[in-house]
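For reference, the structure discussed in these notes is given below.
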Amino acid sequence: MGINYTVKGNYDHNFSLSQRNYIYRTGDFQLNVRQLDLAHFSKWKVKDNQSVALGLMYRFRNVFEDNSNELRFTEQYNITHQPIVIRFGHRFRWEQRIIPSFTIHRFRYRFSIDTSLQGEKLDIGEAYIVGNWENLLSVTRANKPQYDQRFTLNLGWLIHAKMKIQFGVEYRFEDYFEETQQVAFFLSTLNLSL
């Protein structure tokens, strides 16, 4: 769940609470919480189609799994372009993932497209679609660099002028050039704007 709050016309905040659950694991269907994330982003619009942001996230993992909690700092640059009905977006992120035993530096690039499914602009009650392709490079002193790719497809609805709901899937190729793991997630998101 995410809450967006505009402070001024070019400055806003985003607060989010999310969790990740296992539904199918080790040959069994089960519902187990894997992690809980609490995050904050401050975003500044530098032009109509460009923004920079700073983020802070804390991931609670050791309550649910035998794993370390994580503190994450994020710096972001975003640019969008909408020549007609379809909007294109490029997002660059630099992250510092601090885990008790080491720090991971992660570099991310995401290309997105989204569009209304009914008409040229999104109106209340209408559906939209969002597709993402993201590349990630994780670097740390302790291990070899890790390359990941993520593909995401979401279907959403503008329920109210200040509320959106989305459902989708994400497919990941983790550690692309070593021991590749393929992981799939089902996604659901509720976004509120204040």
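Here, residue 1 is the first one in the sequence, and each next residue gets the next number.
- N69 places no side-chain N or O within 3.5 Å of a backbone atom of Y58 that could act as its donor or acceptor partner.
- In this structure, Q50 contributes its side chain and K47 its backbone to no donor-acceptor pair below 3.5 Å.
- In the hydrophobic clustering, where aliphatic and aromatic side chains (Ile, Leu, Val, Met, Phe, Trp, Tyr) are joined below 4.5 Å either directly or transitively, F102 groups with I99, I104.
- Summarising the geometry of Q118 relative to A127, their closest heavy-atom pair is OE1-N, 3.1 Å, with the distance given to 0.1 Å.
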Legend entry - Derivation and outcome, side-chain contact (heavy atoms from CB on, under 4.5 Å), residues N4 and D12: CA-CA 7 Å; N4 300 310; D12 60 42; 6.0 Å; no

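- When all heavy atoms of Q149 and W133 are compared, the closest pair comes out as NE2-NE1, 3.9 Å.
- Side-chain N or O atoms of N49 include one that pairs as donor or acceptor with a backbone N or O of T80 at under 3.5 Å.
- For E174, the side chain to side chain donor-acceptor pair (under 3.5 Å) criterion is met by R172, not counting sequence neighbours.
- The OG atom of S116 sits 11.0 Å away from the CD1 atom of I129 when rounded to the nearest 0.5 Å.
- Linking Ile, Leu, Val, Met, Phe, Trp and Tyr residues whenever their side-chain heavy atoms come within less than 4.5 Å leaves I79 and F41 in two separate clusters.
- In terms of hydrophobic clustering, with Ile, Leu, Val, Met, Phe, Trp and Tyr side chains grouped at heavy-atom distances under 4.5 Å, V169 and W157 are assigned to different clusters.
- The cluster map of Ile, Leu, Val, Met, Phe, Trp and Tyr, joined by side-chain heavy atoms under 4.5 Å apart, puts Y147 and W94 in the same cluster.
- Rounding to the nearest 0.5 Å places OG of S188 at 10.0 Å from CD of Q166.
- At a threshold of 4.5 Å between non-hydrogen side-chain atoms, the residues Q35 and E65 do not count as touching.
- You'll find the side chain of L71 reaches within 4.5 Å of the side chain of L56, heavy atoms only.
- Side-chain contact check for F151 versus F173: some heavy-atom pair is nearer than 4.5 Å.
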Legend entry - Derivation of the side-chain contact (heavy atoms from CB on, under 4.5 Å) call for F73 and I98: CA-CA 8 Å; F73 296 99; I98 302 168; 3.6 Å; yes

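- I124 belongs to a hydrophobic cluster with L122, Y128, V130, L158, counting contacts under 4.5 Å between side-chain heavy atoms of Ile, Leu, Val, Met, Phe, Trp and Tyr, direct or through other members.
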Inset, instruction - Any chance you could lay out the side-chain contact (heavy atoms from CB on, under 4.5 Å) test for R106 and L136, step after step, and finish with the verdict? - result: CA-CA 7 Å; R106 188 154 72 173; L136 297 90; 3.7 Å; yes

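- Note that OG of S42 and CD of Q76 are 11.5 Å apart. Values are rounded to the nearest 0.5 Å.
- With a 4.5 Å cut-off between side-chain heavy atoms of Ile, Leu, Val, Met, Phe, Trp and Tyr, the cluster of F15 takes in none.
- When only modelled atom types and interatomic distance are considered, R72 and T74 share no side-chain donor-acceptor pair under 3.5 Å.
- A distance of 4.5 Å separates CH2 of W44 from CG of L54, quoted to the nearest 0.5 Å.
- To the nearest 0.5 Å, atoms OG1 (T189) and CD1 (I165) are separated by 8.5 Å.
- Among D37, I3, L36, the single residue meeting the side chain to side chain contact (heavy atoms under 4.5 Å, CB included) criterion with L17 is L36.
- Two residues are said to be in side-chain contact when any heavy atoms from C-beta on lie closer than 4.5 Å; N10 and K8 meet this criterion.
- Taken from OH in Y5 to OG in S193, the straight-line distance is 12.5 Å, to the nearest 0.5 Å.
- The pair R61-E70 does not count as a salt bridge, with every side-chain nitrogen at least 4.0 angstrom from each carboxylate oxygen.
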Using distance only, find each side-chain donor-acceptor pair of residues 85-92 under 3.5 Å and give its atom names and separation, not counting sequence neighbours.
| unit_1 | atom_1 | unit_2 | atom_2 | d |
| --- | --- | --- | --- | --- |
| R87 | NE | D114 | OD1 | 3.4 |
| R87 | NE | D114 | OD2 | 3.1 |
| R87 | NH2 | D114 | OD2 | 3.1 |
| H90 | ND1 | Y109 | OH | 2.6 |
| R91 | NH2 | E134 | OE2 | 3.2 |

Please tabulate, one pair per line, all N/O donor-acceptor pairs under 3.5 Å involving side-chain atoms of residues 179-186, not counting sequence neighbours.
| unit_1 | atom_1 | unit_2 | atom_2 | d |
| --- | --- | --- | --- | --- |
| T180 | OG1 | D175 | O | 3.4 |
| T180 | OG1 | Y176 | O | 2.8 |
| Q182 | OE1 | Y171 | OH | 2.3 |

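- Inter-residue side-chain proximity for R110 and R93 is flagged as unmet; no heavy-atom pair is nearer than 4.5 Å.
- Looking at Q146 and E178, their side chains never come closer than 4.5 Å, going by heavy atoms from C-beta outward.
- The shortest distance between side-chain heavy atoms of Q19 and F64 does not fall below 4.5 Å.
- The side chain to side chain contact (heavy atoms under 4.5 Å, CB included) test with E170 singles out one residue from L153, T152, N132, and that residue is T152.
- Under a 3.5 Å cut-off, the side chain of T140 and the backbone N or O of T103 do form a donor-acceptor pair.
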